[in-house]
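This report refers to the structure that appears directly beneath it.
Only heavy atoms go into these numbers, but all of them, side chains included; no hydrogens, no water, no symmetry mates. Here is the naming used below: chain letters follow the sequence lines, and residue numbers restart at 1 for every chain. Quick caveat, the model's predicted, so the values are computed rather than measured.
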There are 2 protein chains.
Amino acid sequence: MKDQVIITISRQYGTGGREIGQKLAEQLGIPYYDRELISRAAKKSGFSEELFDQLDKRATNSFLYSLTMFGSTGTNGMTLTDQLFLAQCKVIREVADAGSCVIVGRCADHVLREYKNRYDFFIHGSLEDRLQRVRTCGDYELTGKTPEAALEKMDKQRATYYNYYTGKVWGKCDHYDLCVNAGRIGVDASVDVIRHYISAAQA
Amino acid sequence: MKDQVIITISRQYGTGGREIGQKLAEQLGIPYYDRELISRAAKKSGFSEELFDQLDKRATNSFLYSLTMFGSTGTNGMTLTDQLFLAQCKVIREVADAGSCVIVGRCADHVLREYKNRYDFFIHGSLEDRLQRVRTCGDYELTGKTPEAALEKMDKQRATYYNYYTGKVWGKCDHYDLCVNAGRIGVDASVDVIRHYISAAQA
């Protein structure tokens with residue numbers, strides 16, 4: 001790869017977006033960030049990893065409920081949720097400043113919107129393809145839900161979270177350089193198509 | 001190309017989507033349909049090409065105004081606009097039945113939604129990239145408008161037309177196999193990326 005690149009990946013649940021990000025980073029020989037960002041943000045901010053986990057996973061509560069939970073403003077006039085989000089933003093900017101990287105989720109496309117050498121990708125798939133993946137691939141924690149319910153809940157949470165913090169619409173194609181129906185072509189081919197796009201932009 | 005493919009292309013104004021469709025068809029050695037569909041629909045239906053032109057271009061009137069213009073229902077209970085649209089749908093299905101092809105615009109992705117060997121692409125670009133293209137490339141009729149105004153008007157018209165006839169949201173990534181920011185990489189590279197996607201799906 002010629003230049004320094006910041007790659008952000010947003011994804012619907014059950015598309016293999018995380019795996020696409022990992023393989024992309026591996027093939028380009030650059031760091032991959034996902035959960036790692038939480039540990040860093042926790043260390044920097046003094047908040048516990050568990051708190052970030054709750055912001056990040058929202059596994060049992062909906063995002064809006066978590067806003068209520070953490071919604072009382074502190075002495076600095078910010079809710080705890082906002083403080084956690086800002087601490088995460090700071091870490092995202094730090095890793096982007098440090099060099100090329102792939103960041104999955106966490107509104108990174110928006111957080112890094114001033115970075116010119118950035119590529120934003122959105123990974124999606126049909127309901128059928130995603131259900132198939134969630135059912136057969138061991139990567140998904142359904143926490144007692146049916147695959148259908150888990151999928152609907154996670155997508156809704158990601159959309160709400162993104163729309164709340166960015167003021168933009170999650171999955172609206174204008175925000176991304178490439179939106180890929182990965183359900184139809186699979187993880188490896190999606191990585192290829194994305195690499196093809198980046199190479200073309202750098203040519 | 002291994003199999004028969006139906007390729008539909010939707011595009012924001014000023015992205016070179018039509019040129020992308022033409023080059024794609026040329027490289028794959030399959031027919032390209034755009035204005036040609038109007039002549040065919042006119043011949044088949046008995047309505048004049050000028051009427052289809054008005055449905056298609058909506059150059060001076062907004063789509064909703066044209067709905068009013070053509071809005072009075074005939075003896076079959078359909079507005080003229082609806083009759084024109086249905087005549088166009090029929091021709092779109094005929095060309096798709098005849099073999100591989102590229103169809104630009106005209107809600108073809110929705111009209112052909114039951115065709116399994118179909119690939120749907122959406123071409124978009126930043127406002128700056130599109131204005132630059134509209135200003136420097138001779139392909140765009142501004143009909144007395146500033147590039148900014150032409151761009152806003154055409155996008156709005158295409159979205160209204162699409163949303164009205166399909167009940168879906170124009171440019172929402174879920175409807176497409178690939179949404180390409182062509183402003184960033186240009187026409188030829190976009191054609192490459194799209195071909196790459198189709199090859200992967202057929203592999």
Side-chain angles (χ1 to χ4, degrees), chain A residues 5 8-15 17 20 109 113 116-130 151-152 155 158-159 162 168-203, chain B residues 5 8-15 17 20 109 113 116-130 151-152 155 158-159 162 168-203:
Chain A
V5 290
T8 76
I9 295 187
S10 310
R11 75 288 184 215
Q12 288 180 337
Y13 191 67
T15 56
I20 289 172
D109 59 312
R113 62 194 176 283
K116 296 291 176 208
N117 53 341
R118 201 188 71 254
Y119 294 86
D120 301 317
F121 301 104
F122 189 85
I123 312 297
H124 61 94
S126 73
L127 205 59
E128 298 74 34
D129 286 337
R130 295 192 287 142
L151 211 131
E152 194 186 331
D155 277 356
R158 285 179 185 172
Y162 184 88
K168 301 192 286 194
V169 178
W170 190 67
K172 188 162 182 294
C173 73
D174 310 49
H175 311 326
Y176 310 95
D177 289 303
L178 209 58
C179 299
V180 185
N181 176 356
R184 186 163 186 178
I185 61 171
V187 164
D188 290 326
S190 299
V191 173
D192 281 352
V193 170
I194 289 173
R195 287 190 60 180
H196 206 86
Y197 185 94
I198 296 172
S199 296
Q202 292 188 323
Chain B
V5 290
T8 76
I9 294 186
S10 310
R11 76 287 183 216
Q12 287 180 337
Y13 190 69
T15 57
I20 288 171
D109 58 314
R113 62 194 176 281
K116 295 292 176 209
N117 53 341
R118 200 188 73 255
Y119 294 86
D120 302 317
F121 301 103
F122 189 86
I123 313 297
H124 62 93
S126 72
L127 205 60
E128 297 73 34
D129 286 336
R130 296 193 286 141
L151 210 132
E152 193 185 332
D155 277 355
R158 285 179 185 172
Y162 184 88
K168 300 192 284 194
V169 178
W170 189 68
K172 188 163 182 293
C173 73
D174 308 49
H175 311 326
Y176 310 95
D177 289 304
L178 209 58
C179 300
V180 185
N181 176 356
R184 186 165 185 176
I185 60 171
V187 164
D188 291 325
S190 298
V191 173
D192 280 351
V193 169
I194 289 173
R195 288 190 59 182
H196 206 86
Y197 185 94
I198 296 172
S199 297
Q202 292 188 324

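Taking all atoms of both residues into account, the shortest heavy-atom contact from B:H196 to A:D192 is NE2-CB, 3.6 Å. Residues A:R184 and B:R118 share a closest heavy-atom pair of NH1-O, 2.7 Å.
Most heavy-atom pairs under 4.5 Å with chain B, from the set A:V193, A:V169, A:D174, A:D177: that is A:D177. When each of B:I194, B:L178, B:V180 is checked for heavy-atom pairs under 4.5 Å with chain A, B:L178 comes out on top. The candidate with the highest count of non-hydrogen atom pairs below 4.5 Å against chain A, out of B:G186, B:G171, B:S199, B:A189, is B:G171. Of the listed residues (B:A201, B:C173, B:G125, B:A200), the greatest number of heavy-atom pairs within a distance under 4.5 Å of chain A belongs to B:C173.
Without hydrogens or angle criteria, B:Y176 side chain to A:N181 main chain gives no donor-acceptor distance under 3.5 Å.
Of the two parts of B:Y119, the backbone and the side chain both hold a non-hydrogen atom closer than 4.5 Å to a non-hydrogen atom of chain A.
Considering OH of A:Y197 and OG of B:S190, their distance stands at 6.5 Å, rounded to 0.5 Å. Note that CD1 of A:I185 is 11.0 Å distant from CD1 of B:I198, once rounded to the nearest 0.5 Å.
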